[in-house]
Amino acid sequence: MSGLARGGMEPVTIGLVLFSAAITVTLASLWGNPPISTTQAIIGGALVGGATLAEGLPVDWPVVGKIVLTWIISPALAGVLAVGTYIPYKHLLNRIKHLGLLELTQKWLAFTASAYASFNLGANELANVIGLADGGSGVKGLLAIALGIGALTFSYEVMMTVGRDLAPPLGPTSGGFSAQMGAALAVTLANLFGIPVSSGQAIVGAISGVSLYKGEKLNKKALKGILRGWVTAPTASGVLAFILVSLFSSF
(Lines give C-alpha, C1' and ligand atoms only; values in the text may rest on other atoms or scores of the structure.)
Protein backbone atom coordinates (compact mmCIF):
# COMPACT_ATOMS: atom_id res chain seq x y z
CA MET A 1 0.00 0.00 0.00
CA SER A 2 2.88 2.34 0.67
CA GLY A 3 3.78 2.26 -3.04
CA LEU A 4 0.74 4.37 -3.89
CA ALA A 5 1.47 7.48 -1.89
CA ARG A 6 5.11 8.35 -1.40
CA GLY A 7 5.70 9.88 1.97
CA GLY A 8 4.35 9.01 5.40
CA MET A 9 0.84 9.55 6.66
CA GLU A 10 -0.05 10.37 10.23
CA PRO A 11 -2.10 7.76 12.12
CA VAL A 12 -4.99 10.23 12.32
CA THR A 13 -4.97 10.58 8.54
CA ILE A 14 -4.96 6.82 8.08
CA GLY A 15 -7.90 6.58 10.46
CA LEU A 16 -9.81 9.19 8.47
CA VAL A 17 -9.07 7.31 5.24
CA LEU A 18 -10.46 4.08 6.66
CA PHE A 19 -13.45 5.88 8.21
CA SER A 20 -14.32 7.60 4.92
CA ALA A 21 -14.22 4.35 2.98
CA ALA A 22 -16.12 2.46 5.67
CA ILE A 23 -18.95 4.99 6.01
CA THR A 24 -19.35 5.14 2.23
CA VAL A 25 -19.65 1.36 1.85
CA THR A 26 -21.90 1.07 4.92
CA LEU A 27 -24.34 3.70 3.69
CA ALA A 28 -24.45 2.06 0.27
CA SER A 29 -25.24 -1.29 1.90
CA LEU A 30 -27.95 0.18 4.13
CA TRP A 31 -29.61 1.85 1.16
CA GLY A 32 -29.60 -1.43 -0.74
CA ASN A 33 -27.37 -0.09 -3.47
CA PRO A 34 -25.41 -2.42 -5.75
CA PRO A 35 -22.23 -4.09 -4.50
CA ILE A 36 -19.68 -1.39 -3.74
CA SER A 37 -15.97 -2.10 -3.96
CA THR A 38 -14.22 -1.63 -0.63
CA THR A 39 -10.95 -1.73 -2.54
CA GLN A 40 -11.99 1.18 -4.72
CA ALA A 41 -13.36 3.12 -1.77
CA ILE A 42 -10.08 2.81 0.14
CA ILE A 43 -7.49 3.11 -2.61
CA GLY A 44 -9.12 4.93 -5.50
CA GLY A 45 -11.13 7.26 -3.33
CA ALA A 46 -10.08 7.90 0.26
CA LEU A 47 -6.34 7.21 -0.05
CA VAL A 48 -5.39 8.62 -3.45
CA GLY A 49 -8.27 10.97 -4.23
CA GLY A 50 -8.74 12.32 -0.73
CA ALA A 51 -5.92 12.10 1.79
CA THR A 52 -2.96 12.50 -0.54
CA LEU A 53 -4.48 15.54 -2.26
CA ALA A 54 -5.46 17.11 1.05
CA GLU A 55 -1.94 16.70 2.46
CA GLY A 56 -0.16 17.44 -0.80
CA LEU A 57 1.64 14.09 -0.86
CA PRO A 58 3.12 12.82 -4.15
CA VAL A 59 1.37 9.82 -5.68
CA ASP A 60 2.96 7.03 -7.68
CA TRP A 61 0.58 7.40 -10.63
CA PRO A 62 2.00 4.47 -12.66
CA VAL A 63 1.11 2.17 -9.76
CA VAL A 64 -2.34 3.75 -9.50
CA GLY A 65 -2.83 3.32 -13.25
CA LYS A 66 -1.91 -0.36 -13.03
CA ILE A 67 -4.41 -0.90 -10.21
CA VAL A 68 -7.20 0.92 -12.05
CA LEU A 69 -6.50 -1.13 -15.18
CA THR A 70 -6.90 -4.36 -13.22
CA TRP A 71 -10.28 -3.12 -11.96
CA ILE A 72 -11.37 -3.10 -15.60
CA ILE A 73 -9.68 -6.37 -16.54
CA SER A 74 -10.67 -8.46 -13.50
CA PRO A 75 -14.45 -8.56 -14.15
CA ALA A 76 -13.85 -9.50 -17.79
CA LEU A 77 -11.30 -12.14 -16.81
CA ALA A 78 -13.68 -13.51 -14.17
CA GLY A 79 -16.37 -13.85 -16.84
CA VAL A 80 -14.01 -15.80 -19.12
CA LEU A 81 -12.85 -18.05 -16.27
CA ALA A 82 -16.44 -18.65 -15.15
CA VAL A 83 -17.44 -19.81 -18.64
CA GLY A 84 -14.29 -21.94 -18.80
CA THR A 85 -15.35 -23.56 -15.52
CA TYR A 86 -19.00 -23.93 -16.48
CA ILE A 87 -18.34 -26.02 -19.61
CA PRO A 88 -16.56 -28.98 -17.90
CA TYR A 89 -18.75 -28.58 -14.79
CA LYS A 90 -21.94 -28.99 -16.81
CA HIS A 91 -20.40 -31.95 -18.65
CA LEU A 92 -19.53 -33.57 -15.31
CA LEU A 93 -23.04 -33.17 -13.95
CA ASN A 94 -24.59 -34.62 -17.10
CA ARG A 95 -22.51 -37.77 -16.64
CA ILE A 96 -23.73 -38.39 -13.07
CA LYS A 97 -26.87 -40.51 -13.24
CA HIS A 98 -27.42 -41.24 -9.55
CA LEU A 99 -29.57 -38.49 -8.02
CA GLY A 100 -28.03 -38.74 -4.57
CA LEU A 101 -24.50 -38.53 -5.91
CA LEU A 102 -25.50 -35.61 -8.14
CA GLU A 103 -26.89 -33.63 -5.20
CA LEU A 104 -23.85 -34.41 -3.06
CA THR A 105 -21.48 -33.33 -5.84
CA GLN A 106 -23.34 -30.06 -6.38
CA LYS A 107 -23.43 -29.35 -2.66
CA TRP A 108 -19.72 -29.85 -2.02
CA LEU A 109 -18.57 -28.10 -5.16
CA ALA A 110 -20.73 -25.10 -4.30
CA PHE A 111 -19.36 -25.08 -0.75
CA THR A 112 -15.78 -25.35 -2.02
CA ALA A 113 -16.23 -22.43 -4.41
CA SER A 114 -17.85 -20.30 -1.70
CA ALA A 115 -15.09 -21.10 0.78
CA TYR A 116 -12.47 -20.28 -1.84
CA ALA A 117 -14.13 -16.94 -2.60
CA SER A 118 -14.33 -16.15 1.13
CA PHE A 119 -10.63 -16.94 1.49
CA ASN A 120 -9.92 -14.36 -1.20
CA LEU A 121 -11.78 -11.70 0.75
CA GLY A 122 -9.22 -12.04 3.49
CA ALA A 123 -6.26 -12.48 1.16
CA ASN A 124 -7.04 -9.41 -0.94
CA GLU A 125 -9.70 -6.99 0.27
CA LEU A 126 -9.16 -7.37 4.01
CA ALA A 127 -5.45 -6.95 3.30
CA ASN A 128 -6.21 -3.42 2.06
CA VAL A 129 -7.36 -2.47 5.54
CA ILE A 130 -4.56 -4.34 7.29
CA GLY A 131 -2.02 -2.65 5.03
CA LEU A 132 -3.12 0.75 6.32
CA ALA A 133 -3.79 -0.27 9.91
CA ASP A 134 -0.35 -1.91 10.10
CA GLY A 135 -1.43 -4.17 12.95
CA GLY A 136 -0.16 -7.45 14.33
CA SER A 137 -1.87 -10.82 14.51
CA GLY A 138 -4.31 -9.58 17.17
CA VAL A 139 -5.53 -6.74 14.94
CA LYS A 140 -5.81 -9.13 12.00
CA GLY A 141 -7.96 -11.45 14.09
CA LEU A 142 -10.29 -8.64 15.15
CA LEU A 143 -10.62 -7.46 11.55
CA ALA A 144 -11.45 -11.00 10.44
CA ILE A 145 -14.20 -11.16 13.08
CA ALA A 146 -15.52 -7.80 11.88
CA LEU A 147 -15.61 -9.19 8.34
CA GLY A 148 -17.80 -12.06 9.53
CA ILE A 149 -20.13 -9.73 11.44
CA GLY A 150 -20.56 -7.62 8.31
CA ALA A 151 -21.57 -10.70 6.33
CA LEU A 152 -24.17 -11.59 8.97
CA THR A 153 -25.68 -8.11 9.22
CA PHE A 154 -25.69 -5.69 6.28
CA SER A 155 -25.09 -8.08 3.38
CA TYR A 156 -28.66 -9.10 2.50
CA GLU A 157 -29.55 -6.35 0.03
CA VAL A 158 -26.24 -6.68 -1.77
CA MET A 159 -26.73 -10.45 -2.00
CA MET A 160 -30.15 -9.89 -3.56
CA THR A 161 -28.74 -7.46 -6.11
CA VAL A 162 -26.01 -9.86 -7.19
CA GLY A 163 -27.89 -13.14 -6.85
CA ARG A 164 -31.35 -12.13 -8.05
CA ASP A 165 -31.51 -8.76 -9.82
CA LEU A 166 -28.49 -8.79 -12.15
CA ALA A 167 -29.46 -11.96 -14.01
CA PRO A 168 -31.78 -14.95 -13.62
CA PRO A 169 -30.67 -16.75 -10.43
CA LEU A 170 -27.86 -19.23 -11.01
CA GLY A 171 -28.63 -22.45 -9.16
CA PRO A 172 -26.23 -25.33 -8.50
CA THR A 173 -26.82 -26.82 -11.95
CA SER A 174 -27.09 -23.55 -13.87
CA GLY A 175 -23.78 -21.90 -13.14
CA GLY A 176 -23.69 -20.73 -9.51
CA PHE A 177 -20.59 -22.81 -8.78
CA SER A 178 -18.93 -21.69 -12.00
CA ALA A 179 -19.51 -18.01 -11.28
CA GLN A 180 -18.08 -18.30 -7.77
CA MET A 181 -15.08 -20.29 -8.96
CA GLY A 182 -14.38 -18.01 -11.93
CA ALA A 183 -14.47 -14.91 -9.72
CA ALA A 184 -12.27 -16.55 -7.09
CA LEU A 185 -9.69 -17.59 -9.69
CA ALA A 186 -9.54 -14.05 -11.07
CA VAL A 187 -8.93 -12.61 -7.60
CA THR A 188 -6.29 -15.25 -6.88
CA LEU A 189 -4.37 -14.22 -9.98
CA ALA A 190 -4.41 -10.64 -8.69
CA ASN A 191 -3.23 -11.88 -5.28
CA LEU A 192 -0.23 -13.57 -6.89
CA PHE A 193 0.86 -10.23 -8.33
CA GLY A 194 0.04 -8.29 -5.15
CA ILE A 195 -2.63 -6.21 -6.88
CA PRO A 196 -5.70 -5.10 -4.87
CA VAL A 197 -8.88 -5.92 -6.79
CA SER A 198 -12.54 -6.20 -5.90
CA SER A 199 -14.17 -9.57 -5.27
CA GLY A 200 -17.51 -7.84 -5.82
CA GLN A 201 -16.47 -6.70 -9.27
CA ALA A 202 -15.16 -10.17 -10.07
CA ILE A 203 -18.40 -11.94 -9.13
CA VAL A 204 -20.45 -9.45 -11.16
CA GLY A 205 -18.24 -10.15 -14.16
CA ALA A 206 -18.46 -13.91 -13.57
CA ILE A 207 -22.26 -13.93 -13.30
CA SER A 208 -22.54 -11.78 -16.40
CA GLY A 209 -20.21 -14.07 -18.34
CA VAL A 210 -22.03 -17.29 -17.47
CA SER A 211 -25.45 -15.75 -18.07
CA LEU A 212 -24.48 -14.40 -21.50
CA TYR A 213 -22.89 -17.73 -22.45
CA LYS A 214 -26.16 -19.49 -21.58
CA GLY A 215 -28.11 -17.01 -23.70
CA GLU A 216 -29.82 -15.34 -20.74
CA LYS A 217 -30.48 -11.62 -20.64
CA LEU A 218 -28.83 -9.38 -18.09
CA ASN A 219 -30.87 -6.80 -16.22
CA LYS A 220 -29.50 -3.67 -17.87
CA LYS A 221 -30.97 -1.42 -15.22
CA ALA A 222 -29.30 -3.38 -12.42
CA LEU A 223 -26.03 -3.54 -14.36
CA LYS A 224 -26.04 0.22 -14.96
CA GLY A 225 -26.68 0.75 -11.25
CA ILE A 226 -23.74 -1.46 -10.36
CA LEU A 227 -21.42 0.32 -12.79
CA ARG A 228 -22.61 3.69 -11.50
CA GLY A 229 -21.87 2.60 -7.95
CA TRP A 230 -18.33 1.64 -8.92
CA VAL A 231 -17.78 5.26 -9.94
CA THR A 232 -19.76 7.11 -7.26
CA ALA A 233 -18.43 5.11 -4.29
CA PRO A 234 -14.73 5.98 -4.67
CA THR A 235 -15.71 9.53 -5.60
CA ALA A 236 -17.83 9.98 -2.47
CA SER A 237 -15.16 8.31 -0.33
CA GLY A 238 -12.48 10.57 -1.79
CA VAL A 239 -14.49 13.75 -1.25
CA LEU A 240 -15.29 12.80 2.34
CA ALA A 241 -11.65 11.92 3.06
CA PHE A 242 -10.46 15.17 1.49
CA ILE A 243 -12.87 17.21 3.63
CA LEU A 244 -12.07 15.38 6.88
CA VAL A 245 -8.29 15.39 6.39
CA SER A 246 -8.36 19.08 5.42
CA LEU A 247 -10.39 19.96 8.51
CA PHE A 248 -8.15 18.00 10.91
CA SER A 249 -5.00 19.37 9.26
CA SER A 250 -6.14 22.92 9.98
CA PHE A 251 -6.02 22.34 13.75
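Note that these values count all heavy atoms, side chains included, but never hydrogens, waters or copies made by symmetry. Nothing here was measured: the structure is a model prediction, and the numbers come from that model.
Counting all heavy atoms, side chain and backbone alike, Tyr89 lies closest to Leu109 at CE1-CD1, 3.6 Å. Nearest approach of Pro234 to Gly229, heavy atoms of both residues: CD-O, 4.1 Å. Here the closest heavy-atom approach between residue Ala179 and residue Ala206 is recorded as O-CB, 3.2 Å.
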### Task
Carefully, step by step, assess Thr112 and Phe177 under the rule side chain to side chain contact (heavy atoms under 4.5 Å, CB included).
CA-CA 9 Å; Thr112 301; Phe177 160 78; 5.5 Å; no
#### Entry: CA sep, side-chain torsions, deciding dist, call: Val231, Leu227, side chain to side chain contact (heavy atoms under 4.5 Å, CB included)
CA-CA 7 Å; Val231 175; Leu227 295 176; over 6 Å; no
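Rounded to the nearest 0.5 angstrom, Leu81 CG and Thr188 OG1 are separated by 10.0 Å. Atom CG of Leu223 sits about 5.5 Å away from atom OG of Ser208, to the nearest 0.5 Å. Separation of atoms CG (Leu218) and CG (Leu212) is listed at 4.5 Å; rounding is to 0.5 Å. Expressed to the nearest 0.5 Å, how far CG of Leu240 lies from CG of Leu16 amounts to 8.5 Å. With rounding to the nearest 0.5 Å, the separation of NZ in Lys107 from CG in Leu104 is 7.0 Å. Rounded to the nearest 0.5 angstrom, Leu185 CG and Tyr116 OH are separated by 4.5 Å.
Judged as a side-chain contact (heavy atoms from CB on, under 4.5 Å), and not counting sequence neighbours, the contacts of Ala236 are Thr24. Partners of Ala22 according to the side-chain contact (heavy atoms from CB on, under 4.5 Å) rule, which considers only residues two or more places apart in sequence or in another chain, do not exist here.
Between the Ser198 side chain and the Gln201 main chain, a donor and an acceptor come within less than 3.5 Å of each other. Looking at Lys220, its side chain never comes within 3.5 Å of a backbone N or O of Lys217 through a donor-acceptor pair. Within the 3.5 Å criterion, the main-chain N or O of Ala184 finds a donor-acceptor partner in the side chain of Asn120. Side chain of Ser237 to main chain of Ala233: no donor-acceptor pair is present (N/O by atom type, distance under 3.5 Å, no hydrogens or angles).
Under a cut-off of 6.0 angstrom, the local environment of CZ in Phe19 is sparse, with at most 12 non-hydrogen atoms contributed by other residues, nucleotides or ligands.
Aromatic ring orientation, Tyr213 versus Tyr86: perpendicular (interplanar angle above 60°, classes split at 30° and 60°).
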